[in-house]
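What follows is a set of notes on a single structure, which appears directly below.
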Amino acid sequence: SSHATEKCYHKSLPDFPPSGDNRTIPWGQPSMRLSNGSTCCSSLDQVRAGIDDIDAQLLALLSQRAAYVREATRFKATLDTVDVPSRDQEVIQGAEANATRYHLPQTIAREVFTAIINASVPFEDCVFNAFDE
Ligand SMILES: C=C(O[C@@H]1C=C(C(=O)O)C=C[C@H]1O)C(=O)O
């Protein structure tokens, strides 16, 4: 790609010499296209309002995902078989592999899905242990 920041979207981030820049802000040009057709952003407050809105959507989606994880527990006979490492790797590697088509940095996909799995397995252990006839 021609855009300079594209190198930050691949699974291995490039090595740069540490920047000693002290820039006049805002530098560069707003480069984010919103769904209403306008270009974002013109202040850090505007950026953070957008992030807060996305984070609320992420919480709602993570709640739905956790409900599926809780259901999955019903199909596990023993605590030892709650964690399925092969499936964990499939989820994490799948997220990294599909990141590019969403223009999501592969580093973010990998680290976030690793965190989701690392939180979901103990949650599922808890669900297994909490069950009483
Ligand atoms: C949900 C499951 O249980 C566990 C949790 C997973 C997840 O959060 O995606 C994946 C595999 C298992 O370690 C499953 O077996 O699919």
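Indexing begins at 1, ligand by ligand and atom by atom, following the structure's order. Keep in mind that this is a model prediction, so the values were computed, not measured.
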Can you see which heavy atom on [X] is nearest to which on [Y], and at what distance?
X	Y	answer
E96	Q106	O-NE2, 3.1 Å
K76	V82	NZ-O, 2.8 Å
A109	L104	CB-CD2, 3.7 Å

Check this for me - ligand 1, V69, N or O atoms closer than 3.5 angstrom, yes or no?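 In this structure, V69 places no N or O atom under 3.5 Å from an N or O of ligand 1.
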
Looking only at side chains, do N36 and S38 share a donor and an acceptor under 3.5 Å apart?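 Indeed, the side chains of N36 and S38 share at least one donor-acceptor pair under 3.5 Å.
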
Pick from D88, V121, T73, T81: the one approaching atom 11 (C) of ligand 1 most closely through a non-hydrogen atom: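 Selected option, by shortest heavy-atom distance: D88.
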
From atom 9 (O) of ligand 1, work out which of R87, R70, R65 has a heavy atom at the shortest distance.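 Of the listed residues, R65 has the closest heavy atom.
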
I need the nearest protein heavy-atom contact for [atom]: residue, atom name and distance, please.
atom	value
atom 1 (C) of ligand 1	A72 CB, 3.5 Å
atom 15 (O) of ligand 1	K76 NZ, 2.9 Å
atom 4 (C) of ligand 1	E124 OE1, 3.0 Å

Mode of I117 contact toward ligand 1 - side chain, backbone, both, neither (heavy atoms, under 4.0 Å):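 The part of I117 near ligand 1 is the side chain, not the backbone.
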
Please could you name the atoms of ligand 1 that V82 approaches to less than 4.0 Å, counting only its heavy atoms?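 So the answer, numbered in order with elements, is 3 (O), 4 (C), 12 (C), 13 (O).
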
Any atoms of ligand 1 less than 4.0 Å from a non-hydrogen atom of V84? List them with their elements.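 Listed by number with element: 12 (C), 13 (O), 15 (O).
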
Would you say T107 and K11 make side-chain contact, with heavy atoms under 4.5 Å?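 Counting from C-beta outward, T107 and K11 never come under 4.5 Å.
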
Hey, does the side chain of Q46 reach the backbone of S42 with a donor-acceptor pair shorter than 3.5 angstrom?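 Pair found, side chain donor or acceptor close to backbone of S42.
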
